[in-house]
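Everything on this sheet refers to the single structure shown next.
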Amino acid sequence: MKKILFEAVTLLEPEMTAFLSELVSYPAICPVDGGRGEGPKAQFIIRKIEELGLGEPEIVSAPDDKAEGGARPNILLRIPGRSNKRLWIISHMDVVPVGDISLWNTDPFEAVVRDGCIFARGANDNGQELAASLYAAAALKKCGVTPEYEVCLCMVADEEVGSDHGIKYLIRQGLFNADDLIVVPDGGCEDGSFIEIAEKSILWIEFEVIGKQAHGSMPHVGNNACRAANELSVSLDSALHRAFPDEDKLFSPDVSTFEPTRRMQNVENINTIPGRERFSFDCRVLPGISLDTVVSVVDAEVKKIERKFGVTVSYAFPQKVQAPQATPEDAEVVELLKRAVAEVIPVALKVGGIGGGTCAAYFREVGIPAVVWDQEADVAHMPNEYARIEHMVNEAKVFAFMMAGGAD
């Protein structure tokens with residue numbers, strides 16, 4: 001059976017490539033990042049599911065008045081198996097914005113197929129895996145193979161900015177059971193050797209520094225929020241790394257990271273001293289460290305800057321997620337995945353943790369073991385993002401093998 005399934009997946013490669021090439025033409029950027037949401041992309045996926053004869057998908061919409069149509073669609077496709085046990089493969093439809101468009105060699109939302117790769121925003125994160133899971137199911141159907149498990153393909157919204165309208169919403173609806181096998185193909189490495197069972201805590205911080213705007217030639221009548229923000233950013237960077245030097249070899253990198261990231265525009269012209277400055281930090285913290293302890297260090301640095309510069313500093317947390325307990329390395333879903341990868345890719349497997357940010361963390365929070373794996377180039381969120389077609393085909397073979405219950 002394995003040989004027949006793998007041959008079927010290989011034959012579906014042109015269809016997979018065409019599907020992913022069209023999929024990326026639907027931007028699906030989250031409203032909080034200035035996009036319209038996942039609506040048109042979801043409709044395209046639904047049409048493809050129907051074309052493939054895989055059944056009628058369910059749409060579970062999370063209300064969101066900022067999105068086009070007032071909702072964020074999540075797609076569920078259930079394929080009956082020989083047993084009632086369920087295997088979930090969970091990908092996401094949304095993508096991040098393109099960033100600096102001048103760094104792109106092609107239109108980010110018009111696929112270019114070249115040198116065995118598909119170049120476009122969302123091709124790698126997470127379209128490659130969405131396509132692989134869908135065509136794995138198509139391969140089983142083509143071969144007349146009934147899955148060992150009830151296969152549940154779940155294509156969610158809102159993964160890139162916190163999942164409130166995506167997997168967290170679905171978990172709150174009670175769709176998952178403690179004995180479900182949960183695979184989240186949203187993190188891995190180029191050779192497919194890494195299996196993720198743990199994530200760091202996530203702390204996103206948005207700062208706003210308020211001073212007083214003035215003419216650039218008269219700084220004495222203003223209060224330069226840019227200067228205060230600059231010093232706050234540098235002092236936070238030093239203080240956080242100094243306070244939390246702990247290491248954990250399960251993770252790569254094996255330390256907590258505290259990265260200054262987004263800087264919002266302040267004034268439009270050179271000769272105006274800004275009275276407001278906004279910037280962000282992305283912190284990925286080792287599980288043994290309380291995020292409240294991190295916040296206390298942040299608060300101390302903020303107070304120092306307020307006293308020194310006479311500014312007002314406020315901050316908020318778009319994401320604050322304390323890391324849940326890791327998935328056991330001997331969990332059933334981990335063992336099944338290991339067997340499947342070994343059948344497709346001749347590589348020594350390594351189990352470990354990452355910086356955090358996949359849907360798997362929310363399952364672990366509620367006590368459901370989840371595992372993260374894919375084979376991908378490390379280009380997510382970068383300009384000129386791409387998916388390697390060979391990786392997508394390998395993923396589809398791994399998922400098909402899992403769906404069939406690991407049968408030879």
Side-chain angles (χ1 to χ4, degrees), residues 32 158-164 166-169 171-172 176 178 182 184 186-187 195-209 229 231-262 278-307 312-329 331 334 351-372:
V32 71
D158 201 34
E159 189 274 344
E160 295 291 358
V161 293
S163 293
D164 286 333
I167 201 63
K168 288 164 72 172
Y169 183 82
I171 289 172
R172 290 195 298 270
F176 304 97
I182 307 290
V184 180
D186 194 20
I195 292 175
E196 184 255 281
I197 59 169
E199 298 181 14
K200 296 176 184 176
S201 301
I202 300 179
L203 184 66
W204 288 0
I205 317 175
E206 290 182 339
F207 295 92
E208 183 174 65
V209 180
E231 184 154 334
L232 175 58
S233 180
V234 172
S235 68
L236 279 169
D237 197 339
S238 297
L240 289 167
H241 283 96
R242 189 168 57 248
F244 306 105
D246 316 60
E247 298 180 1
D248 185 338
K249 297 302 180 183
L250 179 66
F251 293 91
S252 179
D254 60 3
V255 295
S256 298
T257 58
F258 307 96
E259 293 297 312
T261 54
R262 182 172 60 183
R278 292 171 293 161
F279 67 98
S280 302
F281 262 63
D282 183 341
C283 309
R284 307 296 172 120
V285 184
L286 291 175
I289 299 169
S290 165
L291 291 183
D292 289 338
T293 307
V294 177
V295 172
S296 69
V297 174
V298 171
D299 196 54
E301 294 304 310
V302 163
K303 286 180 168 58
K304 288 179 189 176
I305 295 300
E306 287 182 321
R307 288 194 298 269
T312 300
V313 181
S314 60
Y315 55 92
F317 307 109
Q319 278 205 76
K320 184 181 179 185
V321 181
Q322 189 73 44
Q325 187 172 359
T327 294
E329 188 171 344
V334 178
V351 176
I354 64 168
T358 78
C359 293
Y362 304 114
F363 287 101
R364 295 177 187 135
E365 263 184 1
V366 297
I368 303 177
V371 65
V372 177

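Taking 4.5 Å as the limit, every side-chain heavy atom of Phe317 sits out of range of all side-chain heavy atoms of Leu291. Side-chain contact between Glu159 and Ile167 is absent, with no heavy atoms from C-beta onward closer than 4.5 Å. Asp282 has its side chain out of reach of Thr257: every pair of non-hydrogen atoms, C-beta onward, lies at least 4.5 Å apart. Side-chain contact between Phe281 and Leu203 is absent, with no heavy-atom pair separated by less than 4.5 Å. For the pair Phe258/Leu236, no side-chain contact is recorded, criterion being any heavy-atom separation below 4.5 Å from C-beta on. Asp292 has its side chain within reach of Lys320: a pair of non-hydrogen atoms, C-beta onward, lies under 4.5 Å apart. Between Trp204 and Thr261 there is no side-chain heavy-atom pair separated by less than 4.5 Å. Inter-residue side-chain proximity for Phe244 and Val285 is flagged as unmet; no heavy-atom pair is nearer than 4.5 Å.
If you take NZ on Lys303 and CZ on Arg307, they are separated by 8.5 Å, rounding to the nearest 0.5 Å. Separation of atoms CD1 (Ile205) and SG (Cys283) is listed at 4.0 Å; rounding is to 0.5 Å. With rounding to the nearest 0.5 Å, the separation of OG in Ser280 from CD in Glu208 is 11.0 Å. A distance of 10.5 Å separates CZ in Arg284 from OG in Ser201, rounded to the nearest 0.5 Å. Distance check: Glu196 CD to Ser252 OG gives 12.0 Å after rounding to the nearest 0.5 Å. One finds the CG atom of Leu232 at 11.0 Å from the CG atom of Asp237 (value rounded to the nearest 0.5 Å).
Residue Glu259 qualifies as enclosed at atom CD: its count of foreign heavy atoms under 6.0 Å is above 12.
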Could you go through Phe363 and Thr327, starting from their C-alpha distance and side-chain angles, then the distance that decides it, and tell me whether this counts as side-chain contact (heavy atoms from CB on, under 4.5 Å)?
CA-CA 10 Å; Phe363 287 101; Thr327 294; over 6 Å; no

Determine, step by step, whether Glu199 and Val321 satisfy the side-chain contact (heavy atoms from CB on, under 4.5 Å) criterion, reporting the C-alpha distance in whole Å, the side-chain angles of both residues, the deciding distance to 0.1 Å, and the verdict.
CA-CA 10 Å; Glu199 298 181 14; Val321 181; over 6 Å; no

Under the criterion side-chain contact (heavy atoms from CB on, under 4.5 Å), I'd like the reasoning laid out for Tyr169 against Asp158: C-alpha separation, chi angles, the key distance, then a yes or no.
CA-CA 10 Å; Tyr169 183 82; Asp158 201 34; over 6 Å; no

Stepwise salt bridge (Lys or Arg N to Asp or Glu O under 4.0 Å) check, Glu301 with Lys304:
CA-CA 5 Å; Glu301 294 304 310; Lys304 288 179 189 176; 3.1 Å; yes

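When every heavy atom of Ala178 is checked against every heavy atom of Ile368, the shortest pair comes out as CA-CG1, 4.1 Å. Between Lys200 and Pro253 the shortest heavy-atom distance is NZ-O, 2.9 Å. Closest approach of Val209 and Ala229 over heavy atoms only: CG2-CB, 4.0 Å. The two residues Ser256 and Ile289 come nearest to each other via the heavy atoms OG-CD1, 3.7 Å. Across every non-hydrogen atom of Arg364 and Val371, the tightest pair is NH2-CA, 4.3 Å. Nearest heavy-atom pair, Leu250 versus Val351, reported as atom, atom and distance to 0.1 Å: CD1-O, 4.2 Å.
Side-chain atoms of Arg278 do not come within 3.5 Å of backbone N or O of Glu206 as any donor-acceptor pair.
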